[in-house]
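Chain identifiers are assigned alphabetically (A, B, ...) following the order of the sequence lines, protein sequences preceding nucleic acid strands; residue numbering begins at 1 within each chain. Values below: every heavy atom of this structure, side chains too, minus hydrogens, waters and symmetry copies.
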Number of protein chains: 2
Amino acid sequence: MKHKGKATSFDIAHYAGVSQSTVSRALRNSPLVNEETRRKVHEVAAKLNYKVDKNASNLRTQQSSTLALLLFEDPTTDESKINPFFLSMLGSITRACAKEGYDLLVSFQSSSQDWRADYEDSHRADGIILLGYGDYLDYQSRLQKLLEQDTKFVCWGAKVDGRPDLTVSCDNYGGGQLAAAHLIEHKRTDCAFIGDASHHCPEFFARYQGFKDTFEKHNITLSERKMANAISTEDSGYHATKSLIANNIRFNALFAASDLIAIGAIRALQEANIKVPNDVRVVGFDNIPAASYVSPALTTIQQNTTLAGQMLVSNLLNLIRGEKVESTLLPPNLIVRNT
Amino acid sequence: MKHKGKATSFDIAHYAGVSQSTVSRALRNSPLVNEETRRKVHEVAAKLNYKVDKNASNLRTQQSSTLALLLFEDPTTDESKINPFFLSMLGSITRACAKEGYDLLVSFQSSSQDWRADYEDSHRADGIILLGYGDYLDYQSRLQKLLEQDTKFVCWGAKVDGRPDLTVSCDNYGGGQLAAAHLIEHKRTDCAFIGDASHHCPEFFARYQGFKDTFEKHNITLSERKMANAISTEDSGYHATKSLIANNIRFNALFAASDLIAIGAIRALQEANIKVPNDVRVVGFDNIPAASYVSPALTTIQQNTTLAGQMLVSNLLNLIRGEKVESTLLPPNLIVRNT
DNA sequence: CCACACTCTGACACCGGTGTCATAATGTGG
DNA sequence: CCACATTATGACACCGGTGTCAGAGTGTGG
C-alpha cells in the first residue's frame with residue numbers, strides 16, 4: 001500500500017474496488033452513493049493520506065475557495081514596519097476566511113508599482129479584498145478597471161461619493177464626533193488636529209469633519225492654524241506636532257487621525273515639557289495594540305477589527321454568490337484611558 | 001472582440017491566427033517561437049486581458065508557485081491581538097515571496113485544533129513555513145508526520161536537538177549573552193528574568209541560558225528566586241513582575257524574554273514607583289515596533305525580521321528544488337534605548 | 001538535385017478531478 | 001410476469017493549460 005508520489009482518486013478507486021467516479025462522489029458525501037461504499041472509500045482515502053488535488057478540482061469547478069487580500073502600504077513607510085491597524089485587520093480577515101472555509105492569499109502592494117490584482121483573472125482567487133488608507137495614485141481608475149472586468153472585490157475604507165465600489169468601513173465621521181464630544185465634556189475646547197484634513201485620505205478627512213462639526217454644534221470654531229498634516233506613522237505625528245509647538249501654537253487638546261500619529265504627538269509634547277493629559281488631552285484613532293502599552297495609555301477611538309474582518313469577508317462572499325450587497329458602516333467606540 | 005467569461009488560450013489562438021500550442025509557448029517566451037508570432041500573440045493577449053489560468057497550469061506542471069504560512073498563536077492570547085513580532089515576520093515573508101515570484105497562503109492556526117497542514121498534500125502550495133513560539137501540543141509528532149510525508153517545510157524557531165526539521169532562527173542564546181553583557185557593562189548584576197526558563201518554549205529557554213552563562217562567566221550566579229514565568233503578552237509580563245515585587249524581591253536589572261513581556265514589566269515597575277532605568281534597567285527581546293514608542297523607549301535585542309523572512313523563503317525554495325539546505329542561525333543585535 | 005540540419009508550428013495526450021448520461025440491479029404495483 | 005420507478009455505479013467528456021512528437025518549410029553543402 002506504499003506509493004511513490006501523492007495518491008490520486010484512481011488509487012483509492014483501485015484499493016476500494018470501485019470506480020474513480022464513485023470515489024469522487026463518496027468523498028464529497030454525495031447522497032448518490034451507498035452508505036457502505038462511502039465508508040469504505042473514506043477509510044481507504046484516510047489510509048493513503050489522500051487529499052483532493054485543489055488544482056484539478058478548481059479547474060473543473062471554476063472556483064477556488066480562495067480570497068486574495070491586497071494590502072496597500074503607506075508609500076512613505078519604511079518597509080519593515082507595517083501599520084499595526086492593518087495587521088489587526090489581517091488577523092481577523094484570516095480568521096473570518098477560515099471560518100467560511102476559504103483560504104487567503106496575501107499580497108503586500110507597493111502602490112507605486114503595478115497592482116498585483118490579477119488573482120481573479122488567473123483563477124487563483126474568487127474575490128479580492130483591498131486594504132489600505134487613502135487614495136493612491138490611480139486608485140480610482142484601477143478600481144474602475146476592476147469593475148469593468150467584473151472582478152468581485154470589496155474595499156476597506158471610506159465610501160467616496162461617485163466611487164461605485166463596495167466598501168466596509170468604520171464610521172469615521174461618527175468617530176470624530178465621539179472624540180469631540182469627549183473633549184468637550186472635559187472642557188477642552190482649544191483643539192489641535194494632526195492628520196490630513198485634505199481629501200488625500202478620505203478616512204482622515206471624515207474623522208476631521210465629524211470632529212469639527214461637533215465643535216461647531218457647540219458654537220466653537222476650530223482654528224485652521226492648529227492643524228498639521230501627517231501620514232499615519234509615529235514619526236510623522238512627532239514632526240507635525242513638533243512644528244506646531246515650534247510655531248508657538250498653544251492648545252489644550254489634540255485629536256490625532258490615527259494612534260501612531262497620536263503616539264508620535266505625545267512624544268513631541270513630552271519633549272516640550274507639555275504634560276499629557278494635564279496640559280493637553282490627546283485622543284487617537286484605531287486602538288492599535290500599542291495604544292494600551294504606551295504610557296500614559298492612549299485614549300482613542302476603537303475600530304472593531306474583528307467585526308470589520310468578518311464583514312469584509314461575508315460581504316465579498318455574498319457578492320461572489322451574486323446576492324445583493326450594501327456597503328457597510330461599522331460603529332466606532334470611545335476607549336477612555338489616561339490621555 | 002468582446003467576450004463572455006474569461007478569455008482562454010484558444011481565444012487568443014483564434015484571434016492571432018495560430019494554434020493554441022503556439023499561444024502557450026509564445027506567452028512563456030519559449031525560444032521555439034518566431035519573434036513576430038510572439039509579439040502578435042502577446043498583443044492579442046493584452047487586448048483580451050488574458051491571464052493564464054493558474055489552476056490548469058498548476059495541474060499540468062504539478063507545482064503551484066505558492067507557499068503556505070502557518071502561524072501558530074500563543075494559545076492563551078486573546079484572538080484579536082497577534083504577537084507583533086510574528087506580524088513583522090509575516091510582512092517580510094510576504095515580501096520575500098513576492099520577490100521570488102511566489103504567492104503566499106496565510107493561515108492562523110489555533111494549536112488546539114487540528115493543524116491545517118494539508119496545503120502541500122492538496123497541491124495548493126509547494127511548501128510550508130511554520131511560525132510560532134514554543135512547543136505546542138503534539139508539535140513533535142506532527143512534524144514527524146510532515147517529514148514522513150516528505151512535505152517540504154521550514155520552521156521558525158529554536159533548533160531542538162533530535163528534531164530533524166529544518167529551521168531558521170535567531171541566535172537566541174547569543175541574544176541572551178548580548179543582554180547580559182550590556183547589563184554587566186552597566187554594573188547591573190542583580191538581575192531578574194521574566195519569561196519561561198523551562199523547556200516549554202525553547203526560544204525563551206535559550207535566551208535565558210545565554211544570559212545566565214554569561215553572568216556565570218563573570219562569576220555571578222543568578223538567583224532562581226528572581227525568575228517568574230510569563231508567556232509572550234504584555235499582561236503576562238505585568239503580572240509576573242507584579243508578583244515578584246509583591247514578594248519583596250529586589251533587583252536592579254530585568255531581562256524579559258520578549259518585548260511584550262518587557263513592556264508589561266515596565267508598567268508593573270512604574271506602578272510600584274520603581275524608576276526605569278534608574279532603579280531597574282530593562283532589556284527586552286524582539287524589537288517589535290512598539291518598543292520604540294513606549295516611554296521610556298525600550299532597550300532590546302533585535303531580531304532581523306527582514307533577513308529572517310528572506311532566509312525562511314529561500315531555504316524553503318532550495319529545499320523544494322532538492323538542494324542541500326542547512327538550518328540557519330541569524331545574529332541578533334543589541335538596540336540601546338532608554339531603559 | 002538530394003541529403004540533412006535547422007526553425008517553427010500544429011495535433012494530441014495528459015494532469016486529476018467533476019458532472020452528465022447510460023445502464024445494471026433491485027423493488028413495487030397491476 | 002411485465003412495466004416502471006428507484007438506487008447505485010461506471011464510462012466518458014470536459015476544465016485550460018503544458019510537453020512531446022511529428023512534420024512542414026527553408027537553407028546549406030556535396
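Between B:S24 and D:dT18 there is a side-chain polar atom (N or O) within less than 4.0 angstrom of OP1 or OP2. B:T61 has no side-chain polar atom (N or O) that falls below the 4.0 Å cut-off from OP1 or OP2 of D:dT18. Between A:R60 and C:dG16 there is no side-chain N or O to OP1 or OP2 distance below 4.0 Å.
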Pairs under 3.5 angstrom, nitrogen or oxygen only, protein versus nucleotides 6-10 of chain D, please.
from: D:dT9; atom 1: OP1; to: A:T37; atom 2: OG1; distance (Å): 2.9
from: D:dT9; atom 1: OP2; to: A:N34; atom 2: N; distance (Å): 3.0
from: D:dT9; atom 1: OP2; to: A:T37; atom 2: OG1; distance (Å): 3.3
from: D:dG10; atom 1: OP1; to: A:S19; atom 2: N; distance (Å): 3.2
from: D:dG10; atom 1: OP2; to: A:S19; atom 2: N; distance (Å): 2.7
from: D:dG10; atom 1: OP2; to: A:S19; atom 2: OG; distance (Å): 2.6
from: D:dG10; atom 1: OP2; to: A:T22; atom 2: OG1; distance (Å): 2.5
from: D:dG10; atom 1: O5'; to: A:S19; atom 2: OG; distance (Å): 3.4
from: D:dG10; atom 1: N7; to: A:R25; atom 2: NH2; distance (Å): 2.9
from: D:dG10; atom 1: O6; to: A:R25; atom 2: NH1; distance (Å): 3.3

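Using modelled atom types and a 3.5 Å distance limit, the side chains of A:R25 and A:S21 yield no donor-acceptor pair. Side chain to side chain, A:N58 and A:S64 fail the donor-acceptor criterion of an N or O pair below 3.5 Å. In the model, A:D121 has a side-chain atom that pairs as donor or acceptor with a side-chain atom of A:Q149 under 3.5 Å. Under 3.5 Å, the side chains of B:T328 and B:N315 contain a donor-acceptor pair of N or O atoms.
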Please tabulate, for side-chain N and O atoms in residues 318-326 of chain B, each donor-acceptor pair with protein atoms closer than 3.5 Å (sequence neighbours left out).
from: B:N318; atom 1: OD1; to: B:R321; atom 2: NH1; distance (Å): 3.1
from: B:N318; atom 1: ND2; to: B:S314; atom 2: O; distance (Å): 3.3

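Distance B:F10 CZ to D:dG17 C1': 8 Å, rounded to the nearest Å. Straight-line distance from the NZ atom of B:K51 to the C1' atom of D:dC15: 20 Å, rounded to whole Å. In this structure, A:R28 places its CZ atom 5 Å from P of C:dG19, rounding to the nearest Å. Straight-line distance from the NE2 atom of A:H123 to the P atom of C:dC15: 22 Å, rounded to whole Å. Rounded to whole Å, atom P of C:dC15 lies 18 Å from atom CG of B:D53. Distance CD (A:Q62) to P (C:dT18): 13 Å, rounded to an integer number of Å. What separates CD1 of A:I12 from P of C:dG17 is a distance of 8 Å, to the nearest Å. Spacing between atom CG of B:N58 and atom P of D:dG17 amounts to 12 Å, rounded to whole angstrom units.
Nearest nucleotide to the A:S57 side chain, out of D:dG19, C:dG17, C:dG19: C:dG17.
By the salt bridge (charged side-chain N to carboxylate O under 4.0 Å, His left out) test, B:D103 pairs with A:R116, A:R124, sequence neighbours left out.
No side-chain donor-acceptor contact under 3.5 Å links A:S122 to the backbone of B:K54.
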